[in-house]
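Computed from heavy atoms alone, side chains included, the values below leave out hydrogens, waters and symmetry copies. Since we're looking at a predicted model, the values are computed, not measured. The chains referred to below are lettered A, B, ... by the order of the sequence lines, with proteins before strands, and numbering in each begins at 1.
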Amino acid sequence: MTIENNIVRHIQKAVSALYQSEIELDSIVIQETRKEFEGQITVVTFPFTRFSKKLPEQTGAEIGDYLLKFIPEINAYNVVKGFLNLSVSDGYWINQLLNTVLSPDFGHFPKNGKKVMVEYSSPNTNKPLHLGHVRNNLLGYSVAKILSANGFDVVKVNLVNDRGIHICKSMLAWKLFGKGETPESSGLKGDHLVGKYYVIFDQEYKKQIAELVHKGETEENAKKNAPIIKQAQEMLLKWESGDAEVMGLWSMMNTWVYAGFEQTYDQLGVDFAKYYYESDTYLLGKDIIEEGLQKGVFFKKEDGSVWIDLTSDGLDQKLVLRADGTSVYMTQDLGTAQLKYDDFNVDQSIYVVGNEQDYHFKVLFLILQKLGKSWAKGLYHLSYGMVDLPSGKMKSREGTVVDADELMADMIHTAKERTEELGKVDGFSEAEKADLYKMIGLGALKFFLLKVEPKKRLLFDPNESIDFQGHTGPFIQYTHARIRSVLAKAEYKERISREYLMNLTTVERELILNLCKYPAIISMAAKEYSPAQIANYVFELAKLFNKFYHEESILKAEDLAVRNFRLDLSSATASTIKNGMDLLGIGVPDRM
RNA sequence: GCGCCCAUAGCUCAGCUGGAUAGAGCAACGGUUUUCUAAACCGUAGGUCUUAGGUUCGAAUCCUAAUGGGCGUACCA
């Protein structure tokens, strides 16, 4: 039992003994003591005054006396207005460090027997990945790691949107203007090559619209009747009918794209247990439509289209099947949800998808509930904000995107320059240098994206490079390297100090307190699906260590016992940083 | 029009289920290295938490409205 739980229980008893009143455990508020006051744990005593019928100060003192008497670890208290500040003995904190924080399974929760699926990335195959996808990928990967650390069995899946009009646009433009260009012939990465023709299509399309408008067509008609869009639509129909030539072109270009994506995923460090392809799933869901009609959840209009009426839930009427019997997005998502459940039998399923689709998922989940799917309550849309440029939203068609591959390469290059300037790679082999630059460059990028709450939108200014100092990945990586360097000098292997009585300095105590918070942070991060919780925690921890490092000497501590203790404290900090960063998908070096 | 989300220092962001004088980083200014890595540390300055009501012993946090910004509201995905 943690000291906090112990305190809460004793407060309950204290209120009962002192004021003959019963109080709920939940209503007892405990928090960290603010730096300017003495103590580590603070009890808010305002709520107890209605039982004590006394002033907050007096109530606090009475409860303080009670706790002092019954909890041996508490050795002092002070009262400031309605706040009871408790001082816990240094012996307790030292014991926590040695027996809890330094234990091998610290921060790892036992298996909870639950299975969760995380669907993320989910790219379209008509263009390369950009910064928005990077945020998605990092979020999905990190959330999967966090859930796993919390004891879940995690299945990562990628639902690839490999069909549809947008892919046909790239295909058509390549066919018309590509002159047989291939990744091999041009040296272009496959996804970039296909993306190039997506842009070309759009340029040509706009040109044709302009011509038609010039000839007197309305804008709306021009958009509908431009020859190139008609051709793309025809191509889509041919694809759907299985036309051999179109299918051949489609699979060739998709193969290029997949090779490109693999490279990007690999560089980013993300992976998947299974890929789903929309070309396999887009016809699914029709049986669910039938099921819904029979259950009376859906209704059919005169023209044959199928709808659900969600007005009683404060939403609209929503189409689930077209009049011609073909699928819409919702149809296939209903089918795919069922497929994913049938495949893996998961307890929870998380969709990492941008907030522009909030409404879609609200409706999707509601429909599945109305259909009585037992697993519907385990569905969750991890909605995240768009990545904006100073100029506004990124648009692939208009080329105003921050390309994922380029950005990663830039970051690694900057890391190289920085590191060389600082002269920190003496004695590194070329391979070690390359690894280090990648670790730092991507560490900066990943931390930059993950430190922000997923829900919030994120501003990226390509003209201002991502920082390597301050609230950044490299700051934390540096702290880790610093610790490892000290430990290496001491030839530290494993826990070396014993339990003994000593007085902690303020920073030491703060550091231990911070380390003790780690498991709670991990579980909160899982509950909120928020890597940002971990990012900000690890930053605090690193900052605190640097303060400690600056104020106290580790290797040259006056007393051997103190030296050993500080080595243990440093080691515990290093592992916690490493583990926390690992949950973000960020590596930490031993030297930098 | 209707619905959802966001608004905290010049900039980028924290702030747990309501709790003490709202915190970091960057940028600015000043200081710290013969001592374990200065990608660091310390200090100064910077705030009517968008606004107005309400609930409460207590509100950046909860409720209502307004303002500003984003997104959605397709027989697109």
Side-chain angles (χ1 to χ4, degrees), chain A residues 26-27 29 31-34 36-37 42 44-47 49-50 56 80-83 85 124 161 163-166 278 282 301 303-307 314-316 318-324 326-330 332-333 354-360 362 383 385-386 388 392-393 415 418-419 421-422 424 440 444 448 451-453 455-461 464 467-479 481-490 520-521 524 527-528 532-533 535-537 539-540 542-543 545-547 549-557 566 570 591-592:
Chain A
D26 302 346
S27 64
V29 178
Q31 60 191 31
E32 286 170 55
T33 304
R34 296 180 67 109
E36 56 267 42
F37 303 102
T42 292
V44 182
T45 57
F46 287 109
T49 54
R50 46 188 272 254
V80 182
K81 290 187 277 184
F83 300 92
N85 302 318
N124 292 351
N161 185 5
R163 63 161 287 280
I165 189 73
H166 42 287
E278 284 198 16
Y282 82 108
K301 286 194 178 173
D303 62 3
S305 59
V306 182
W307 296 71
L315 305 174
D316 302 320
K318 192 83 190 167
L319 177 90
V320 293
L321 193 73
R322 288 195 188 103
D324 63 7
T326 58
S327 299
V328 287
Y329 185 38
M330 189 60 76
Q332 62 171 292
D333 261 12
N355 64 9
E356 59 208 344
Q357 296 196 34
D358 283 357
Y359 187 75
H360 172 75
K362 209 180 207 176
S383 164
M386 298 288 105
D388 288 324
K393 206 177 167 180
R418 289 305 206 100
T419 308
E421 271 169 36
L422 293 167
K424 296 228 175 184
I440 297 174
F448 176 81
K451 75 176 180 184
V452 181
E453 280 299 324
K455 194 182 184 183
K456 304 259 184 114
R457 62 192 206 101
L458 202 139
L459 186 79
F460 176 82
D461 188 345
E464 273 179 52
D467 275 325
F468 283 68
Q469 284 171 355
H471 192 184
T472 67
F475 170 90
I476 296 162
Q477 292 171 320
Y478 170 73
T479 307
R482 237 183 178 183
I483 299 174
R484 296 306 316 173
S485 163
V486 173
L487 296 177
K489 280 204 172 117
I521 297 290
M524 194 199 300
K527 210 186 290 172
E528 296 181 7
Q533 296 288 334
N536 290 314
Y537 165 78
F539 171 65
E540 285 299 325
K543 213 166 42 154
F545 182 86
N546 279 317
K547 188 182 160 109
Y549 180 92
H550 190 260
E551 285 180 10
E552 313 291 346
S553 185
I554 300 164
L555 296 177
K556 291 180 185 148
R566 287 183 180 160
S570 302
R591 288 189 296 161
M592 73 180 268

- [ ] Give none if B:U37 has no partner; otherwise give the nucleotide forming a Watson-Crick or G-U wobble pair with it, both distances under 3.5 Å.
- [x] none

Task: Gap between atom CD of A:Glu32 and atom CG of A:Asn85 - 0.5 Å precision - done: 12.5 Å

- [ ] Would you kindly compare A:Asn355 and A:Ser305 by the position of their nearest RNA chain B nucleotide and give the one closer to the 5′ end?
- [x] A:Asn355

Task: From B:C41, B:A7, B:U37, nucleotide with atom closest to A:Lys456 side chain - done: B:A7

Task: Spatial distance of atom OH (A:Tyr549) from atom OG (A:Ser570) [nearest 0.5 Å] - done: 9.5 Å

Task: Closest to side chain of A:Gln31, choosing from B:A39, B:U37, B:A20 - done: B:A20

- [ ] Look at the side chain of A:Met524 and decide which nucleotide, out of B:A77, B:A20, B:C16, has an atom nearest to it.
- [x] B:C16

Task: Separation of atom CD in A:Glu464 from atom P in B:G25, rounded to whole Å - done: 18 Å

TODO: Tell me the partner of B:C2, counting only Watson-Crick (N1-N3 plus N6-O4 or O6-N4) or G-U wobble (N1-O2 and O6-N3) with both under 3.5 Å; none if nothing fits.
DONE: B:G72

- [ ] Using the closest heavy atom to pick a nucleotide of RNA chain B for each, name whichever of A:Glu356 or A:Lys81 lands nearer the 5' end.
- [x] A:Lys81

TODO: Provide the Watson-Crick or G-U wobble partner of B:A28, both distances under 3.5 Å; none if there is no partner.
DONE: B:U44

Task: Residues A:Arg34, A:Glu36: salt bridge by 4.0 Å N-O rule - done: yes

- [ ] Describe the nucleic acid contact of A:Glu552 in one word from base, sugar-phosphate, nothing, applying a heavy-atom distance below 4.0 Å.
- [x] base

Open item on the list: Given B:A77, B:G23, B:A40, identify the nucleotide with an atom nearest to the side chain of A:Arg34.
Closed with: B:G23

Task: Pair partner, B:G58 [Watson-Crick or wobble, under 3.5 Å] - done: none

Task: Ring-base stacking, A:Tyr478 with B:A40 (5.5 Å, 30° cut-offs) - done: no

Task: Side chain of A:Arg591 (C-beta onward), nearest among B:U12, B:U37, B:A39 - done: B:U37

Open item on the list: Quick check on B:C13: is either OP1 or OP2 less than 4.0 Å from any side-chain nitrogen or oxygen of A:Arg457?
Closed with: no

Task: Who pairs with B:G18 - Watson-Crick or G-U, where each distance is under 3.5 Å - done: none

Open item on the list: Between A:Pro56 and A:Phe83, is there a side-chain heavy-atom distance shorter than 4.5 Å?
Closed with: no

TODO: Check whether any side-chain nitrogen or oxygen of A:Arg163 sits under 4.0 Å from OP1 or OP2 of B:A77, and answer yes or no.
DONE: no

Open item on the list: Taking pairing as Watson-Crick or G-U wobble with both contacts under 3.5 Å, can you name the mate of B:G53, or confirm there isn't one?
Closed with: B:C63

Open item on the list: I want to check one thing: is the phosphate of B:C6, taken as OP1 and OP2, less than 4.0 Å away from some side-chain N or O of A:Lys455?
Closed with: yes

Open item on the list: Just to be sure I understand the rule, does A:Thr419 reach a base, reach only the sugar-phosphate, or reach nothing, if contact means heavy atoms closer than 4.0 Å?
Closed with: base

- [ ] Using a heavy-atom cut-off of under 4.0 Å over every strand shown, decide if A:Ala532 touches base, sugar-phosphate, or nothing.
- [x] nothing

Open item on the list: The side chain of A:Glu278 is closest to which nucleotide in this list: B:C36, B:C42, B:A77?
Closed with: B:A77

Task: Minimum-distance nucleotide to A:Arg482 side chain [options: B:C36, B:A77, B:A40] - done: B:A40

Task: Side chain of A:His471 (C-beta onward), nearest among B:A20, B:A77, B:G25 - done: B:G25

Task: Polar pair under 3.5 Å, donor/acceptor by atom type, side chain A:Lys424, base B:U37 - done: yes

- [ ] Could you check which of B:A38, B:A24, B:C75 has an atom nearest any side-chain atom of A:Trp307?
- [x] B:C75

Task: Sugar-phosphate, base or nothing in reach of A:Pro56, heavy atoms under 4.0 Å - done: nothing

TODO: Please evaluate the base of B:A77 for a donor-acceptor partner in the side chain of A:Asp333 within a cut-off of under 3.5 Å?
DONE: no

Open item on the list: Can you tell me the base-pairing partner of B:G23? Count Watson-Crick or G-U wobble geometry only, both distances below 3.5 Å, and say none if there is no partner.
Closed with: B:C13

- [ ] Kindly say if A:Ser485 contacts the phosphate of B:U37, meaning a side-chain N or O under 4.0 Å from OP1 or OP2.
- [x] yes

TODO: Identify whether a stacking contact exists between A:Phe37 and B:A20, where the ring centres must be under 5.5 Å apart and the planes under 30° apart.
DONE: yes

Open item on the list: What contact category does A:Asp316 fall into here, base, sugar-phosphate, or nothing, at under 4.0 angstrom with non-hydrogen atoms?
Closed with: sugar-phosphate

- [ ] Indicate whether the side chain of A:Tyr359 and that of A:Asp316 have a donor and an acceptor atom separated by less than 3.5 Å.
- [x] yes

TODO: Name the nucleic acid region contacted by A:Val44, choosing base, sugar-phosphate or nothing; use a 4.0 angstrom heavy-atom cut-off, strictly under.
DONE: base

TODO: Establish whether the base of B:A20 is bridged to the side chain of A:Thr42 by a donor-acceptor pair shorter than 3.5 Å.
DONE: yes

Open item on the list: Between A:Thr479 (side chain only) and A:Phe475 (backbone N and O only), is there a donor and an acceptor less than 3.5 Å apart?
Closed with: yes

Open item on the list: Rounded at 0.5 Å granularity, tell me how far CD1 in A:Ile521 sits from CD in A:Gln533.
Closed with: 6.5 Å

- [ ] Kindly indicate whether the side chain of A:Met386, heavy atoms from C-beta on, has any atom under 4.5 Å from the side chain of A:Leu458.
- [x] no

Task: Face-to-face stacking of A:Phe46 with B:G19, centres under 5.5 angstrom, angle under 30° - done: yes

Task: Side chain of A:Lys489 - closest among B:U37, B:C75, B:A77 - done: B:U37

Open item on the list: Under 4.0 Å, heavy atoms only, any strand: does A:Ile440 hit a base, just the sugar-phosphate, or nothing?
Closed with: base

